[in-house]
There are 2 protein chains.
Amino acid sequence: MKISGARTSKEIKLINEKKEKLKSFLREKGLKSTRQRDVIASEFLKTGEHVTAEELYREISKKYNDIGFTTVYRTLKLLNKSGLATERVFADHLTRYEPLSADDHHDHLICMKCGSITEFEDLKIERLQERVAEEFSFLSVSHKMEIYGYCNKCKDNA
Amino acid sequence: MKISGARTSKEIKLINEKKEKLKSFLREKGLKSTRQRDVIASEFLKTGEHVTAEELYREISKKYNDIGFTTVYRTLKLLNKSGLATERVFADHLTRYEPLSADDHHDHLICMKCGSITEFEDLKIERLQERVAEEFSFLSVSHKMEIYGYCNKCKDNA
DNA sequence: AGCCTAATTGAAAATGAATTTCAATTTCCT
DNA sequence: AGGAAATTGAAATTCATTTTCAATTAGGCT
């Protein structure tokens with residue numbers, strides 16, 4: 001999990017934009033900006049990965065000892081509602097969150113041995129999905145696609 | 001849930017073939033054929049739907065009052081291992097099972113309002129998925145794809 | 001700056017699906 | 001039929017998720 005480390009100024013700018021978006025969302029809904037929400041959003045946006053509430057909580061606990069699991073859990077739900085995160089459930093049944101940008105529609109390759117999750121995006125597949133939905137007169141809102149198997153590292157040992 | 005009702009002789013034949021396949025699997029593994037397993041497999045294969053263990057248990061309870069939930073649960077796991085069922089988790093986090101034929105690779109359209117699940121199959125998408133896997137030197141075993149949105153009935157009321 | 005109300009926090013409890021335990025029962029091999 | 005091994009089902013357990021509730025905090029309003 002990539003929590004900290006060097007970051008380009010572009011990445012930092014994006015994160016700050018997202019944090020502003022969260023603040024607007026809170027103001028709009030009459031909710032409050034708190035230190036906890038700020039810390040959790042920052043750490044979450046920095047990970048860029050598919051974290052569970054538990055994982056993010058443990059990571060945050062290393063730096064802050066006064067932020068509880070429940071708050072991390074609730075803040076992730078909040079980020080989801082505000083459009084900054086998506087909630088996903090893979091085959092292990094755990095709820096994972098990942099930062100979401102408006103125009104990003106990626107899918108996942110999931111290694112059944114080491115559990116690594118690799119993202120990919122394929123516009124042709126997207127278009128075919130839209131066509132399928134049309135065919136069934138279905139109004140598509142979102143989709144998910146996962147390919148399960150063995151990653152490059154694990155397939156040799158399997 | 002389509003549990004009973006008129007069935008073509010072709011459907012009946014297919015179900016019987018699958019039940020034979022289960023028996024071979026049990027024999028092969030040194031496991032036992034029991035009345036419960038037979039009833040559960042029959043009812044499950046007849047549904048042809050995406051049932052949870054709970055749903056199938058309730059359905060079976062209408063006819064049989066001596067088959068427990070645990071046995072239904074365990075038999076579904078067994079059917080999964082024997083290749084007669086697949087286990088799937090959709091966005092509601094529940095584990096669902098559906099009868100599986102060797103050459104059937106379908107995906108799902110899931111209505112976010114009424115919860116209806118429609119199957120579809122698209123060979124072009126399949127091929128593109130394989131191509132993506134190759135690109136990442138990933139050995140693909142299975143995939144799942146779900147399109148979430150509103151079905152024909154629900155989209156008008158939404 | 002202080003007040004006040006509503007929102008937030010976090011520990012603990014509750015929920016609920018999935019899984020395991022265990023004693024009684026059943027299968028099926030010999 | 002006899003016996004070892006597998007199966008069953010009720011109940012207990014596990015574990016992630018969600019809710020509860022009393023104490024705390026944010027931020028609009030004087």
Side-chain angles (χ1 to χ4, degrees), chain A residues 19 22-44 50-61 63-82 85-97 115, chain B residues 19 22-44 50-61 63-82 85-97 115:
Chain A
K19 288 176 67 174
L22 174 62
K23 280 191 183 148
S24 314
F25 176 84
L26 293 174
R27 228 175 290 129
E28 207 174 284
K29 299 277 178 183
L31 304 175
K32 289 169 181 173
S33 273
T34 64
R35 188 182 59 85
Q36 289 92 330
R37 283 178 176 166
D38 196 63
V39 167
I40 296 165
S42 295
E43 294 297 321
F44 171 68
H50 312 79
V51 288
T52 61
E54 185 61 36
E55 282 166 359
L56 187 60
Y57 166 67
R58 273 205 294 276
E59 211 50 50
I60 287 173
S61 295
K63 297 194 200 171
Y64 306 87
N65 60 3
D66 61 344
I67 294 184
F69 167 78
T70 314
T71 303
V72 173
Y73 164 80
R74 280 189 286 222
T75 302
L76 285 171
K77 290 257 164 211
L78 191 68
L79 288 169
N80 183 233
K81 276 186 196 148
S82 71
T86 34
E87 219 181 87
R88 287 180 187 269
V89 185
F90 298 116
D92 62 5
H93 292 211
L94 297 179
T95 306
R96 292 171 192 281
Y97 295 85
Chain B
K19 286 176 69 174
L22 174 62
K23 278 188 185 148
S24 314
F25 175 83
L26 293 174
R27 227 175 289 128
E28 207 174 283
K29 299 276 177 182
L31 304 175
K32 289 167 182 174
S33 275
T34 64
R35 187 182 60 85
Q36 289 92 331
R37 282 177 178 167
D38 195 64
V39 167
I40 295 165
S42 295
E43 294 296 322
F44 171 68
H50 312 80
V51 288
T52 61
E54 185 61 35
E55 282 167 359
L56 188 60
Y57 166 66
R58 272 206 294 276
E59 212 49 50
I60 287 174
S61 295
K63 298 193 200 170
Y64 305 87
N65 59 4
D66 60 344
I67 294 184
F69 167 79
T70 314
T71 304
V72 172
Y73 164 79
R74 279 188 287 223
T75 303
L76 285 171
K77 291 256 162 211
L78 191 69
L79 289 170
N80 182 232
K81 276 186 195 149
S82 72
T86 34
E87 220 180 86
R88 288 179 187 269
V89 185
F90 297 116
D92 63 5
H93 294 209
L94 297 179
T95 305
R96 292 171 192 282
Y97 295 84

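Here is how names work: the chains are called A, B, and so on, in the same order as the sequence lines, proteins then strands, and each is numbered from 1.
Heavy atoms only, all atoms of each residue included: Ser33(B) and Leu26(B) are closest at OG-CD1, 3.7 Å.
Residues Lys23(A) and Lys19(A) form no side-chain contact, since every pair of their non-hydrogen atoms from C-beta on lies 4.5 Å or further apart. Inter-residue side-chain proximity for Tyr64(A) and Gln36(A) is flagged as unmet; no heavy-atom pair is nearer than 4.5 Å. Side-chain atoms of Glu43(A) and Lys63(A), non-hydrogen and from C-beta on, do get closer than 4.5 Å to each other. When side chains are defined from C-beta on, Asp66(B) counts as touching Arg35(B), because their heavy atoms get closer than 4.5 Å. Arg37(B) has its side chain within reach of Leu31(B): a pair of non-hydrogen atoms, C-beta onward, lies under 4.5 Å apart. A 4.5 Å side-chain heavy-atom check between Leu79(B) and Leu76(B) finds at least one atom pair inside the cut-off.
Atom CG of Asp66(A) is separated from atom P of dT24(D) by 14 Å (rounded to the nearest Å). Residue Phe69(A) contributes atom CZ, which lies 16 Å from atom P of dA13(C) at whole-angstrom precision. Taking atom CG of residue Leu94(B) and atom P of nucleotide dA16(D), one finds them 17 Å apart after rounding to whole Å. For the pair Glu87(B) CD and dA18(C) C1', the computed distance is 10 Å after rounding to whole Å. Rounded to an integer number of Å, the gap from CG of Leu78(A) to C1' of dT18(D) is 16 Å. Here dA18(C) presents its P atom at 7 Å from OH of Tyr97(B), a figure rounded to the nearest Å. Rounded to whole Å, atom C1' of dT8(D) lies 17 Å from atom OH of Tyr64(B). Leu76(B) has its CG atom 14 Å from the C1' atom of dA17(C), to the nearest Å.
Residues Ser33(A) and Ala53(A) both approach DNA chain D. Their nearest nucleotides, taken by heavy-atom distance, put Ala53(A) toward the 5′ side. Take the nearest nucleotide of DNA chain D for Arg37(B) and for His93(B): the residue whose nucleotide is more 5' is Arg37(B). Both Thr95(B) and Leu31(A) sit near DNA chain C, but only Leu31(A) has its closest nucleotide nearer the 5' end.
Only one option out of Lys81(A), Arg96(A), Lys77(A) pairs with Glu87(A) in a side-chain hydrogen bond (donor to acceptor under 3.5 Å, both in side chains); it is Lys77(A).
When the local axes at the two ends of the helix from dA1(C)-dT30(D) to dT30(C)-dA1(D) are compared, using 5 base pairs at each end, they differ in direction by 30° after rounding to 10°.
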Just the table, please: protein N/O against nucleotides 1-3 of chain C N/O, every pair under 3.5 Å.
none

Polar-atom pairs under 3.5 Å, protein N or O versus N or O of nucleotides 20-26 of chain C: list them with distances, or write none.
residue: dT21(C); atom: O4; partner: Arg74(B); partner atom: NH1; Å: 3.3

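Put simply, CG on Leu78(A) and OH on Tyr73(A) are 12.0 Å apart, with the number rounded to the nearest 0.5 Å. With rounding to the nearest 0.5 angstrom, the NE2 atom of His50(A) is 7.5 Å from the OG1 atom of Thr86(A). The CG atom of Asp92(A) lies 9.0 Å from the OG1 atom of Thr95(A); values are rounded to the nearest 0.5 Å. Rounding to the nearest 0.5 angstrom, the gap separating the CZ atom in Arg27(A) from the CG atom in Leu22(A) is 10.0 Å.
Within the nucleic acid shown, Lys77(B) comes within 4.0 Å of sugar-phosphate atoms alone, with no base atom in reach, counting heavy atoms only. Thr52(A) comes within 4.0 angstrom of nothing in the nucleic acid, heavy atoms only.
Closest contact between the side chain of Thr71(A) and the listed nucleotides dA6(D), dG10(C), dA16(D) involves dG10(C).
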